[in-house]
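Inspection log for the structure reproduced underneath, given as structure tokens.
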Amino acid sequence: MSFRHAIETTISTHLSDLDQSLIELSIPRYEHGDFALNIAFKLSKIQKKNPMLIADEVVQQLTQTSDVLHISQLSGFINIKVDDNYLIKYMSEFMLSSPKWDKDPSILLEYVSANPTGPLHIGHGRWAVIGDVLYRLLQAVGGNVKNEFYVNDAGNQVKTFEASIHAIKNGQSIPENGYGGPFIDTVVAEKPDDVTSIDYVIECHRQSLETLDCKFDRWFKESTLHQSDIIQIIQDEYPDLIYKKDGAVWFKTTDYNDDKDRVLQKDNGDLTYFACDIVYHLNKINRKYDHIINIWGADHHGYIERIRAAILAKKESVTFSVILGQLVNLFKDGEPIKMSKRTGNLIELDDVIHEIGVDATRYFLVEKRPDLPLDFDMTKATMTSMDNPVYYIQYAHARICSLQKKCEGLPEGAHTAINDADRKLMVHVCRYYDVLLDASNSLEPYKLPQYLHELASLFHSFYQKCPVIVDDAITPHRIAILSAVQKVIQHCSGILGISTPEKM
RNA sequence: GCGCCCGUAGCUCAGCUGGAUAGAGCAACGGACUUCUAAUCCGUAGGUCGAACGUUCGAAUCGUUCCGGGCGCGCCA
């Protein structure tokens with residue numbers, strides 16, 4: 001059980017006469033306590049009584065928990081400090097447990113899904129890392145989750161791409177709106193004869209992503225959908241929502257909150273992307289996923305409602321979430337790098353990883369909320385390596401390993417008297433599963449680096465103030481703290497995909 | 001014009017289902033290595049939370065209207 005949940009349960013049982021939905025713990029500043037309850041304010045509205053008086057009554061009821069919780073009141077706020085013995089006990093039990101989600105949907109995460117007509121760039125890297133961390137996070141809480149890369153290996157862009165390759169190979173000029181640049185030249189030069197250029201690019205994508213430690217359970221090719229008649233499938237699945245107008249075939253998304261209906265098949269017989277995407281998402285539904293999560297660039301946000309319409313029209317119980325990400329602006333030496341896919345003037349994802357390393361690349365790409373544009377300065381990420389948060393975290397881990405080596409053979413245990421730096425660190429360790437569950441529920445992987453950085457910071461402070469090797473009374477306790485912190489750093493770094501060196 | 005996202009310290013951002021004195025990191029300034037790794041720590045300074053109204057015991061958080069920035073509004077992919 002997570003720390004917060006454990007405390008909440010204790011409190012609920014002692015306040016069973018009150019509306020349980022009002023019992024919600026918040027985290028106050030450390031001086032006030034480990035948790036706080038603002039139920040007095042909420043009740044005062046209902047009961048029309050002075051919140052201070054209500055708080056007094058609640059505190060009165062909670063005094064029975066005094067062996068576990070220390071309750072106090074400050075101008076209506078009920079502050080809760082967890083007893084040190086309970087902290088120690090929780091921490092040692094926590095060491096043996098795993099976080100567990102209270103739900104078990106079957107989840108499909110789809111992300112990156114770059115067109116196989118060019119190399120991956122830093123923006124793809126952002127989706128890849130956010131998606132991958134989310135994937136690992138959901139697995140860590142026991143979620144039933146798969147991830148998938150959708151390959152657009154059909155359609156006009158692909159034809160143009162192949163025509164461009166063909167032209168370059170034969171020394172002809174690149175067709176209008178075709179593809180050129182160093183990446184294409186490499187494809188022409190290095191592609192073996194027995195693979196298609198599209199498959200070769202897909203393989204390049206796979207390798208770039210594996211360099212970043214991002215693996216996919218499935219690479220879903222759009223071309224496999226075209227083995228069936230797309231329009232026929234949609235016709236069969238949505239007989240009431242499909243109609244013909246002006247020579248085109250339309251889908252009635254306006255029945256589901258969209259602001260206009262959308263075309264499935266143009267009057268020239270070509271299918272739109274939307275038609276293929278409907279069938280792709282039908283495929284996801286047919287594979288019995290309860291929760292479909294897509295990570296898309298912010299420029300696709302207009303697309304959400306129509307896909308949602310198609311999904312809900314088929315199966316209302318499916319949860320459809322889209323994580324919208326703003327693009328990444330790449331900088332070097334403080335100067336923005338302009339990128340154009342067509343001309344091939346492009347810094348590839350591989351270049352970035354090569355220059356700043358997997359750990360730093362992953363950390364910086366997942367650290368911020370995805371709905372904020374990200375300025376990614378390659379020079380800064382390498383030059384300021386001394387102040388790099390990645391090293392800060394890794395250094396904490398290395399320090400622990402070094403201490404553990406020195407403590408080899410010494411007993412590990414717990415004692416009662418602890419000071420503030422000990423305690424702050426322990427409380428933060430205990431909150432780890434709360435953070436995992438919170439980040440899972442909200443699909444917000446960026447909360448992890450935040451937590452981990454804070455943990456490292458508390459550890460470094462602890463390191464300064466709390467010598468481990470002192471005497472028989474204190475040393476075993478601090479060794480126990482070291483193990484707990486180490487476990488959390490390793491576990492959390494594992495989700496972020498960042499290495500934890502033993503020496504630095 | 002319409003829709004979505006964003007506006008918090010010099011910079012990059014947390015905090016947003018209403019709660020206590022608005023928090024970090026970087027940059028700046030001042031301290032701490034004969035003592036478990038100074039890739040560290042401790043301290044100082046830094047704010048009309050874009051603006052104005054409104055809702056109420058209480059607003060960075062909710063509502064309305066502006067201002068500023070990003071992105072979309074195809075029978076493109």
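Here is how names work: the chains are called A, B, and so on, in the same order as the sequence lines, proteins then strands, and each is numbered from 1.
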Would you please determine if the base of B/G72 is stacked by A/H300, with stacking meaning a centroid separation under 5.5 angstrom and planes under 30 degrees?
->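 According to the criterion (under 5.5 Å, under 30°), no, A/H300 does not stack.
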Within the stacking criterion (centroid distance below 5.5 Å, interplanar angle below 30°), does A/F77 stack on B/A20?
->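 A/F77 vs B/A20: stacking yes.
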Under 3.5 Å for both donor-acceptor distances, Watson-Crick or wobble: does [N] have a partner, and if so which one?
| N | result |
| --- | --- |
| B/U12 | B/A24 |
| B/G47 | none |
| B/U40 | B/A32 |
| B/C4 | B/G70 |

Is there a donor on the side chain of [X] or the base of [N] sitting less than 3.5 Å from an acceptor on the other?
| X | N | result |
| --- | --- | --- |
| A/K45 | B/G58 | yes |
| A/H301 | B/G3 | yes |
| A/D299 | B/G72 | no |

Nearest-nucleotide 5' precedence on RNA chain B, A/L324 against A/V158 |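 It is A/L324, whose closest nucleotide lies nearer the 5' terminus.
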Give the nucleotide from the list B/C36, B/C42, B/A20 with an atom nearest to the side chain of A/P28.
->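 That would be B/A20.
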Would you check if A/F364 and A/L374 make a side-chain contact, meaning some heavy-atom pair closer than 4.5 Å?
->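 A side-chain contact is absent here, since even the closest heavy-atom pair is not under 4.5 Å.
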Does A/F220 reach the side chain of A/F149, with side-chain heavy atoms less than 4.5 Å apart?
->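 Result no, sub-4.5 Å side-chain heavy-atom pair not found.
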Under 4.0 Å, heavy atoms only, any strand: does [X] hit a base, just the sugar-phosphate, or nothing?
| X | value |
| --- | --- |
| A/A398 | base |
| A/N79 | base |
| A/D246 | base |
| A/C276 | nothing |
| A/D371 | sugar-phosphate |
| A/A248 | base |
| A/P373 | sugar-phosphate |
| A/Y446 | sugar-phosphate |
| A/S75 | nothing |

In terms of base orientation, is B/C33 syn or anti, with the syn window spanning 90° either side of 0?
->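 Chi for B/C33 falls in the syn range.
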Can you say whether the rings of A/H300 and A/Y303 are parallel (under 30°), tilted (30 to 60°) or perpendicular (over 60°)?
->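 The rings of A/H300 and A/Y303 stand perpendicular, inter-plane angle above 60°.
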Any idea how A/F3 and A/F35 line up, ring-wise: parallel (<30°), tilted (30 to 60°), or perpendicular (>60°)?
->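 Tilted, since the angle between the ring planes falls between 30° and 60°.
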Phosphate contact (B/U40 OP1 or OP2) by A/R399 side-chain N/O below 4.0 Å =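 So the side chain of A/R399 is outside the cut-off, no N or O lying under 4.0 Å from OP1 or OP2 of B/U40.
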Proximity of A/F459 and A/H397 rings by center, below 6.0 Å |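 No: the rings miss the under 6.0 Å criterion.
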